[in-house]
Amino acid sequence: GQVFHLEDYKPTDFLIPETHLDFSLHPERTVVKSTLQIERRAGVASDAPLILDGDDLKLVDIRLDGAVLGDNAYIATPDRLEIRGLPENGAFTLEITTEINPTTNRQLTGLYRSSDVYCTQCEAEGFRRITYFLDRPDMLSVYTVRIEAERNEAPLLLSNGNPKDKGKLTNGRHFAVWHDPHPKPAYLFALVAGDLGVITDTFTTASGRHVDLGIYVEHGKEPRALYAMDALKRSMKWDEDVFGREYDLDVFNVVAVSDFNMGAMENKGLNVFNDKYVLADPDTATDTDYAGIEAVIAHEYFHNWTGNRITCRDWFQLCLKEGLTVYRDHEFSADMRSRAVKRIAEVKGLKAHQFPEDAGPLAHPVRPRQFREINNFYTSTVYEKGSEVVRMIRTILGPELFRKGMDLYFERHDGDAATIEDFIKVFEDASGEDLSQFALWYDQAGTPNLAITYDYDQATKTFEIEIEQSLKPTPGQTSKKPMHIPVQFALLGAKGRELKPRSAKGGLVKDDVIHLRKRKERFSFSGIPERPVPSLLRGFSAPVTLTSELTRTDLAFLARNDGDEVTRWQALTQLLNAKLTSNAKRVRGGKPATIENSSIKLLGEIAFNVTLDEAFRALCLSIPSESDIARELGANIDPDAILGSRDALISAVAEAHAGKFAQTYSELARVGSFKPDAAGAGRRALRNVLLDYLSVAESSSKRAATQFKNADNMTDRAAALGVLVQRFGDSDATNHALQAFEARFGNDPLVMDKWFVVQAMQPGNGALDKVRELMTHKLFSLDNPNRTRALIGAFSSGNQTGFNRADGAGYKFFAETILTIDKKNPQLAARLLTAMRSWRSFEPVRREHARESLANIARETGLSADVRDIVERTLA
Ligand code: HT7
Ligand code: ZN
């Protein structure tokens, strides 16, 4: 396939200042008439052809300035429309009519149908599946859209911008006209038509603009959209308060659909959502679901400024809108909930998803410089590491200069299709700082490691920290330059008291931030009265790994005393990981795991420390997952040995503290009625980790079965079901609970996804047959991304032992399934396949099975560009 390069960027020869679209909707034969006002750019030769993008299109009619074009004036293929002999003066009107079939469109890009609702997904290159166009993000146009459809089939007709007109037609049809005054790229175009229920509300902006809000969902599900509406209003207010950004249209609509490739889409004034990120009530949604809805509603809303008003010049700049918008939604959630707990969750997510991406064959820079398939670059690196890069700018400049830079960005680039260079420049201009070295974060792939050594001199009361940064080669990048890495820190004395240095020498230190800029640097702090324990990378101030000389005693000290919860949690995790990895090696070598009392004692202290936030205690008590341990090991991974090591630690902790765990578990039950707030979620999280420990200590499914039966909310119900399946496999208690869940929620596919996930995660060799069996369940379908992710995605990326079977049967099944999915939905297939990116880290037997299954996929002739790109890079 073709490779696209950042260096090759060239502006278009033509502009399309105005776009009129006229849709005549029909399930199989939708007719789209597009009327484009086109202008040749100054300086472009008058004989330059106009070449428009298409994808799988059927051209019905084409006219230039009202006259039908002769056959030799243009060349049309399904993927391209080329027109020559354009008017000398370079300004003309082009009318293009295409016919498309939304019903057979199972890729879920372009115009498709989801449960009889017509909807669109145009990012990144879906608009070209609707009509021929200059389908690239720097082609901004003002859109007017007329939609016509059967009144019965589609009483609701929505598009971007403000409603302008509507009316009845003959033959049971009707129409609506929408106008969006803000010029936008085609990827932000949206249309929704169908029969949906709605909840409405209003928001008045700081300057007094009255905005009508609507959230559209399947009839009967309206009450489940109330939380999303609340989150939307809070997001609108927060963006005004924190970034000074107001909404700019008369309406803001959100539509939930059940077939969607990703989480949601920020189309101007008409966000389209995966219903998973809209629908919630206590009975059907967990605390995690509520937090996800709040975050995604905010994320898509925040795109209105970071993405829509200021968009990307080209797709290489994707992190310009995604990294920044993730940063903004993280900050929003931190303000809505507990900041420290939110930050730890982000760090866990980054380490679980982005670090392995950066360490494997799919590693790429936050701003890639080349791609074959842009859909494969909606990655954790672009999104989450992209957000970390923005956070580091704030850490380096401080909050005031960061805000000044953001204000300048909005002022200078409103209405632009911008680049990362533009973004960095506003912060340089606002602060006077040189960020050229910092900009390497956008270009160099891989996770830097900081190797740290310390030296304390009692005589001079001086503490020295030496840091050496290193970055391993990644695909296409063999040598790396030193980066500017902000390391937030404190020096802790007895009981965690912060010791303030009298002065700092050596490398640059400003306030509580060490600015590491050389490959190796020494930082020397004077006036330190006692040997301190350094608390480094506070707040996880940079996406790096640390290798430090801290002893187990130092780590335990930090886990007990650090005033920064992130480093506190990090120290505990490091202690546990050391044990878990060494035990995994022992178990693989046929030796029993060993656990020392100090870790058990430490975990107990945290569990029962009522001065700590319950959510934080829950995070600390959640032993690193099997994939966390695998990542720490890095090579020669044996998932069965890892499970053995992990279970040994859980059993030891559970047995040591069973009595007090039981007491705390009971105390936490008195929480009153369900509220999806941070405090309630924290209590439930703690209680549910304790449920797992207690079930292990008591060797009984009774407690989990009782919690399952009595739960008045989905968080507690799903957690109990998880414990039953994970700990008590095919027991009567487990089967009984699974049947009860199905009997109650069997008509609600979104809720049943939890039932698919929990079974796909059942540890051990039995999971594969279970997954095969569940694929025949009446609710299961490979056509639906949520179902597919729930079963195939959870199995392949969440079930370490079940998927990575030593006999390779998990990989073989997965490869076959990927090929089936690829024929329907290449984006989904490619994304699922990334579950195999760390195949080289396994022990030799599994590694060989994995390689063989990947090679089988690669050998297939009819592969999509999406899957071919992933499989070839994974094997390279
Ligand atoms: N900007 C949106 C990305 C997206 C997407 C990309 C490719 C294919 C389908 C898609 N659906 C949504 C989502 C976001 O980051 O807000
Ligand atoms: Zn986004």
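Hydrogens, waters and symmetry mates are skipped; everything else that's a heavy atom, side chains included, is used. Both counts, for ligands and for their atoms, begin at 1 and track the order of listing.
- Between the side chains of Asn105 and Arg129, at least one donor-acceptor pair of N or O atoms lies under 3.5 Å.
- Of the heavy atoms in Asn375, only side-chain atoms (C-beta onward) come closer than 4.0 Å to ligand 1.
- Take the Zn ion (ligand 2) as the corner point: the lines to OE1 of Glu322 and to NE2 of His299 open at 110°, to the nearest 10 degrees.
- Side-chain contact between Ile199 and Leu226 is present, with heavy atoms from C-beta onward closer than 4.5 Å.
- Closest protein heavy atom to atom 7 (C) of ligand 1: Glu123 O, 3.5 Å.
- Regarding atom 14 (C) of ligand 1, its nearest protein heavy-atom neighbour is Tyr383 OH, 3.5 Å.
- Each of the following atoms of ligand 1 lies closer than 4.0 Å to a heavy atom of Lys321: 1 (N).
- At least one cation-pi condition fails for Arg309 and Tyr247: the charged atom is not both under 6.0 angstrom from the six-membered ring centre and inside a 45 degree cone around its axis.
- Without hydrogens or angle criteria, Arg789 side chain to Asn261 main chain gives a donor-acceptor distance under 3.5 Å.
- The shortest N or O to N or O distance between Tyr378 and ligand 1 is not below 3.5 Å.
- Side-chain contact of Asp248 with Asn304: a donor-acceptor pair under 3.5 Å is present, judged by distance alone.
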| said: For a ring pair (Phe, Tyr, Trp, His ring centres under 6.0 Å) check, start with the C-alpha distance between Phe402 and Phe427, then their side-chain angles and the critical distance, and finish with the verdict. | reply: CA-CA 7 Å; Phe402 176 75; Phe427 293 106; 5.4 Å; yes
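- One side chain, Asn786 or Asn274, offers a donor N or O that lies under 3.5 Å from an acceptor on the other.
- Interface of Glu266 with ligand 1, defined as ligand atoms under 4.0 Å from a residue heavy atom, comprises 1 (N), 2 (C), 13 (C), 14 (C), 16 (O).
- Closest protein heavy atom to atom 8 (C) of ligand 1: Gln827 OE1, 3.0 Å.
- Distance from atom 16 (O) of ligand 1 to its nearest protein heavy atom, with residue and atom name: Glu300 OE1, 2.7 Å.
- Between Asn261 and ligand 1, not a single N/O pair is under 3.5 Å apart.
- Inter-residue side-chain proximity for Pro785 and Phe260 is flagged as unmet; no heavy-atom pair is nearer than 4.5 Å.
- For ligand 1, the polar-atom distance check against His303 finds a nitrogen or oxygen pair separated by under 3.5 Å.
- At the shortest separation from atom 12 (C) of ligand 1 among protein heavy atoms lies Ala264 O, 3.2 Å.
- Of the candidates Lys385, Lys321, His299, His299 is the only one forming a side chain to side chain contact (heavy atoms under 4.5 Å, CB included) with Val326.
- Nearest non-hydrogen protein atom to atom 4 (C) of ligand 1 is Met262 CE, 3.7 Å.
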